Amino acid sequence: MIRYHYTQRDFADKAAAQASLLRLLEPLKPFYSQGGARVDLGVTSAHYENDSIPMEAFARPLWGLVPFWAGGGSERAFEELYRRGFENGPDRSHPEYWHTCRDYDQKFCEMAAVSYGILFTPEKIWAPLSERGKNNLVEWLWEINRHECCACNWQWFATLTNLALKSVGRPYSRERVASGLQMMEDYYDGGGWYGDGAGGEKDYYNPFVMVSYGLLYAKFMEQEEPERCARFRERARAFTRDYVYWFAGDGASIAYGRSMTYRFAQGAFFAVALLTGEEVLPLPVMKGILTRHLTWWLNQPIYDNAGVLTIGYAYPNLQMSESYNAPGSPYWALKSFAFLALPDNHPFWAAECAPLPPLEPCKYLPHANMIVQRDDNNAVALVPGRTELDDHSHTVEKYSKFAYSSRFGFSVSRSAYTLAQTAPDSMLCFQVGRLYYVRDTVEPEYHIGPDGIETRWLPVDGVQVTTRIEPTPTGHIRTHTIQSDFDCRAYDCGFAVNADDRLSPVRRAQGGQAEVRCGEDFCAVVCLEGAGRGEVLLPDPNTNLIFPKTAIPMAVYAIRRGTQTIRTRVDYFP
């Protein structure tokens with residue numbers, strides 16, 4: 001299949017943007033079931049019931065189709081598929097029935113997409129149904145009120161579902177809406193940022209759900225709850241002042257946290273802001289962010305040979321997937337097409353694409369709990385790490401590295417038995433016997449501020465580390481004070497740089513320095529204290545989110561029993 005090459009012209013006007021969405025969705029058509037209620041895209045599984053997987057793949061394209069329809073778009077084949085699907089899926093007597101739910105059911109996530117459709121395009125989702133079909137759909141959606149939802153961003157799914165029921169004059173649960181909204185208030189920190197649950201992370205679930213759904217709520221409840229809705233809108237404006245720092249000038253955003261396979265949903269916040277009439281930045285700036293972001297993403301090799309989105313990040317990669325990623329999961333990314341709902345005469349369509357506003361090269365974001373460094377080509381987040389782990393896959397790699405980049409992504413370990421399989425980019429890795437150990441959690445009493453980050457952590461019994469990260473104009477400096485009960489070896493690693501042999505990457509290691517270059521991309525490490533030597537690691541292929549083959553510059557230190565200090569400079573900005 002010949003890949004289409006996207007340019008900013010593909011989002012310059014409404015017709016072009018609509019065509020871009022349909023180009024993404026067209027490959028899905030052969031995979032819809034006869035009754036329209038299921039989409040079978042593959043055989044890989046997830047932690048939830050296999051029977052829910054084709055329902056998820058049915059629901060997630062709605063994140064793009066709904067704004068397409070709301071903005072006046074028409075595509076008869078999809079309209080007919082979803083008319084049949086919504087008639088049959090909630091029907092207990094039909095072989096494609098979506099089934100009743102249980103506590104914490106995956107289908108609650110997909111109810112949000114269905115509810116999005118009912119709220120914004122009832123003429124496509126609700127009105128075409130028979131009276132029996134409407135009653136069946138209401139009964140099925142009511143399942144979310146009969147069961148527990150996860151105490152995190154999922155609370156918004158229950159709220160949105162009840163808003164949809166309310167919007168078509170059907171019974172809804174005021175109690176469920178009230179409890180969900182109260183949880184959101186409990187999760188709110190400040191500066192527009194929420195924790196994803198009590199003590200949860202500040203990651204992409206803020207723009208994916210927490211802040212964005214607050215804007216959706218405000219759009220439909222402004223008259224009934226003006227104070228709450230004004231609060232949600234103000235939080236979105238405050239969030240923008242930080243979140244804009246996550247984007248590089250080329251449209252890429254920092255690879256950080258979980259659910260990376262949702263890809264260009266990273267831009268969804270700006271699209272939802274447009275949809276809900278909240279101009280968090282000047283229109284030309286918002287158009288520039290979305291256009292560059294979508295163009296960057298859609299030109300990555302993220303499709304299979306049929307043109308279907310794959311599980312992965314910048315290329316297909318099951319290694320980095322979550323336990324809840326099924327073949328249809330990546331279509332959550334279509335949230336970033338919410339702007340298609342804007343009317344034809346909206347000034348967004350006539351606006352030019354402006355660059356990012358002036359941003360500081362190094363900015364402490366206290367409510368996001370990170371320091372962001374940036375230039376035109378790269379955005380880097382320096383983070384303290386997590387104080388405790390959760391049960392999601394690869395939590396250490398997602399949150400506990402020293403730095404995360406829009407340019408280099410991050411790497412995911414295959415095992416702890418070899419250094420190449422550990423792939424410890426942006427980490428201090430200890431070799432003790434046959435195994436390799438990295439930072440998993442930090443002690444709760446850490447420091448983060450404009451001057452840097454200081455944490456205490458234990459990679460393995462018998463080794464205690466105090467790490468200080470200080471940002472510099474070219475990268476950052478790491479100072480590690482290590483108390484060890486035994487001799488061992490430590491590898492202080494930089495970013496994983498593209499090592500595609502077709503591009504003739506350059507790898508150098510001499511004395512206490514190591515460097516990897518590939519085109520304009522580079523990362524170098526320099527030993528400043530501790531008698532380290534420079535080496536270049538070639539990790540296992542397909543460990544990195546962005547590049548299938550990488551090389552990691554590192555400073556290697558001999559750690560002696562007792563206390564010592566090692567110090568490494570890491571450069572990645574010219």
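Please read all numbers here as calculations on a predicted model, not as lab measurements.
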So, do Phe402 and His480 have ring centers that fall under 6.0 Å from each other?
-> yes
With distance as the sole test, does His394 use its side chain to make a donor-acceptor pair with the main-chain N or O of Gln319 at under 3.5 Å?
-> yes
With a 3.5 Å cut-off and no angle check, do the side chains of Gln155 and Tyr187 form a donor-acceptor pair?
-> no
Decide ring-ring contact (aromatic ring centres under 6.0 Å, His included) for Phe108 and Tyr104; before the verdict, give the C-alpha distance in whole Å, the side-chain angles of both, and the deciding distance to 0.1 Å.
-> CA-CA 8 Å; Phe108 298 153; Tyr104 315 115; 8.4 Å; no
Does any donor atom in the side chain of Asp242 or His367 lie under 3.5 Å from an acceptor atom in the other side chain?
-> no
Could you pull out the closest heavy-atom pair between Pro424 and Cys493, with the gap in Å?
-> O-CB, 3.1 Å
Ile289 side chain near Leu281 side chain, heavy-atom distance below 4.5 Å | yes
Mutual orientation of the aromatic rings belonging to Tyr262 and Tyr324 [parallel < 30°, tilted 30-60°, perpendicular > 60°] = tilted
Derivation of the side chain to side chain contact (heavy atoms under 4.5 Å, CB included) call for Val438 and Glu397 | CA-CA 10 Å; Val438 297; Glu397 292 96 318; over 6 Å; no
Would you sort out whether Asp189 and Arg235 count as a salt bridge (Lys or Arg N to Asp or Glu O under 4.0 Å), showing the intermediate values?
-> CA-CA 10 Å; Asp189 179 11; Arg235 288 175 184 175; over 6 Å; no
Counting N and O atoms only, with roles assigned by atom type, does the side chain of Thr395 sit under 3.5 Å from a partner on the main chain of Leu389, one being a donor and the other an acceptor?
-> no
Any luck finding a side-chain donor-acceptor pair between Tyr572 and Gln373 under 3.5 Å?
-> yes
Taking Arg263 for the side chain and Tyr313 for the main chain, is one N or O donor matched with an acceptor at less than 3.5 Å?
-> yes
Phe239 and Pro207 have their tightest heavy-atom pair at CZ-CD, 3.6 Å
Find the distance between CG (Leu538) and CD1 (Ile552) and round it off to the nearest 0.5 Å.
-> 9.0 Å
Closest heavy-atom contact between Ser321 and Ile311?
-> CB-CG2, 3.5 Å
Within the side chain of Lys363, is there an N or O that forms a donor-acceptor pair under 3.5 Å with the backbone of Arg374?
-> no
Which of parallel (below 30°), tilted (30 to 60°) and perpendicular (above 60°) describes Tyr204 and Phe208?
-> parallel
Could you tell me whether Glu110 and Lys107 have a side-chain N and a carboxylate O separated by less than 4.0 Å?
-> no
Nearest non-hydrogen partners of Thr387 and Pro444, listed with the distance | CG2-CA, 3.8 Å
Worked check of side chain to side chain contact (heavy atoms under 4.5 Å, CB included) between Phe264 and Phe337 | CA-CA 10 Å; Phe264 45 97; Phe337 279 89; 3.9 Å; yes
Polar side chain donor-acceptor pair, Trp297 to Gln266, under 3.5 angstrom | yes
Between Cys523 and Val570, is any pair of side-chain heavy atoms under 4.5 Å apart?
-> yes
Taking everything shown except Tyr417 itself, do over 12 heavy atoms lie less than 6.0 Å from its OH?
-> no
Is a side-chain donor-acceptor pair under 3.5 Å present for Tyr436 with Ser413?
-> no
Look at the aromatic rings of Tyr404 and Phe410 and report parallel, tilted or perpendicular, splitting at 30° and 60°.
-> perpendicular
With side chains defined as the heavy atoms from C-beta onward, is the minimum distance between Tyr446 and Arg456 less than 4.5 Å?
-> no
Ser336 side chain to Ala268 main-chain N or O, any donor-acceptor pair under 3.5 Å?
-> yes
Using a strict cut-off of less than 4.0 Å between a Lys/Arg side-chain nitrogen and an Asp/Glu carboxylate oxygen, indicate whether Glu49 and Arg102 qualify as a salt bridge.
-> yes
Look at the rings of Phe11 and Tyr6 and say which category their plane angle falls in: under 30° parallel, 30 to 60° tilted, over 60° perpendicular.
-> parallel
Going through the checks in order, is the ring-ring contact (aromatic ring centres under 6.0 Å, His included) test met by Tyr491 and Phe430?
-> CA-CA 6 Å; Tyr491 305 83; Phe430 289 85; 9.2 Å; no
Are His476 and Arg478 linked by a side-chain donor-acceptor pair shorter than 3.5 Å?
-> yes
Short N-O contact, Lys398 and Asp203, less than 4.0 angstrom | no
Does Asn299 use its side chain to pair, donor to acceptor, with the backbone of His5 at less than 3.5 Å?
-> no
May I ask you to decide whether Glu529 forms a salt bridge with Arg567, counting only side-chain N to carboxylate O separations under 4.0 Å?
-> no
Asn378 and Asp521, any side-chain heavy atoms less than 4.5 Å apart = no
Output yes when a side-chain donor or acceptor of Ser484 lies under 3.5 Å from a complementary backbone atom of Gly562, and no otherwise.
-> no
Pairwise side-chain contact, Val380 with Phe495, heavy-atom cut-off 4.5 Å (strictly under) | yes
Side-chain contact, heavy-atom cut-off 4.5 Å: Leu24 with Tyr331?
-> no
So, for Arg414 and Asp540, which heavy atoms are closest and what is the spacing to 0.1 Å?
-> CD-OD2, 3.3 Å
Could you tell me whether the side chain of Pro505 reaches within less than 4.5 Å of the side chain of Val497, counting heavy atoms only?
-> no
Ser406 side chain vs Ala252 backbone, donor-acceptor pair below 3.5 Å = no
Taking everything shown except Asp461 itself, do over 12 heavy atoms lie less than 6.0 Å from its CG?
-> no
Side-chain ion pair, Arg241 and Glu360, N-O less than 4.0 Å | no
So, Asn153 versus Asp196: side-chain donor-acceptor pair below 3.5 Å or not?
-> yes
Is the shortest heavy-atom distance from the side chain of Leu294 to the side chain of Ser20 under 4.5 Å?
-> no
Inspect the contact between Glu201 and Arg386 and indicate whether a charged nitrogen and a carboxylate oxygen are less than 4.0 angstrom apart.
-> yes
Arg258 bridged to Asp390 by N-O distance under 4.0 Å = no
Does Thr543 use its side chain to pair, donor to acceptor, with the backbone of Ser411 at less than 3.5 Å?
-> no
Glu322 (side chain) donor-acceptor with Ser259 (main chain) under 3.5 angstrom = yes
Stepwise, does the side chain to side chain contact (heavy atoms under 4.5 Å, CB included) test hold for Asp501 with Lys549?
-> CA-CA 8 Å; Asp501 47 89; Lys549 295 179 74 171; 2.9 Å; yes
Residue pair Thr467 / Arg439, side-chain donor-acceptor N/O under 3.5 Å = no
Between Asp440 and Ser400: side-chain donor-acceptor atoms closer than 3.5 Å | no
After noting the C-alpha distance and the side-chain angles of Phe269 and Leu215, does the key distance pass the side chain to side chain contact (heavy atoms under 4.5 Å, CB included) rule?
-> CA-CA 9 Å; Phe269 166 71; Leu215 289 175; 4.1 Å; yes
With no hydrogens and no angle check, do the side chains of Glu56 and Ser329 hold a donor and an acceptor under 3.5 Å apart?
-> yes
Could you tell me whether Glu520 atom CD has more than 12 heavy atoms of other residues or ligands within 6.0 Å of it?
-> no
Mind checking the CD-CD1 spacing from Gln483 to Ile559? Nearest 0.5 Å is all I need.
-> 12.5 Å
In terms of heavy-atom contacts, Pro301 and Pro316 come closest through O-CD, 3.2 Å
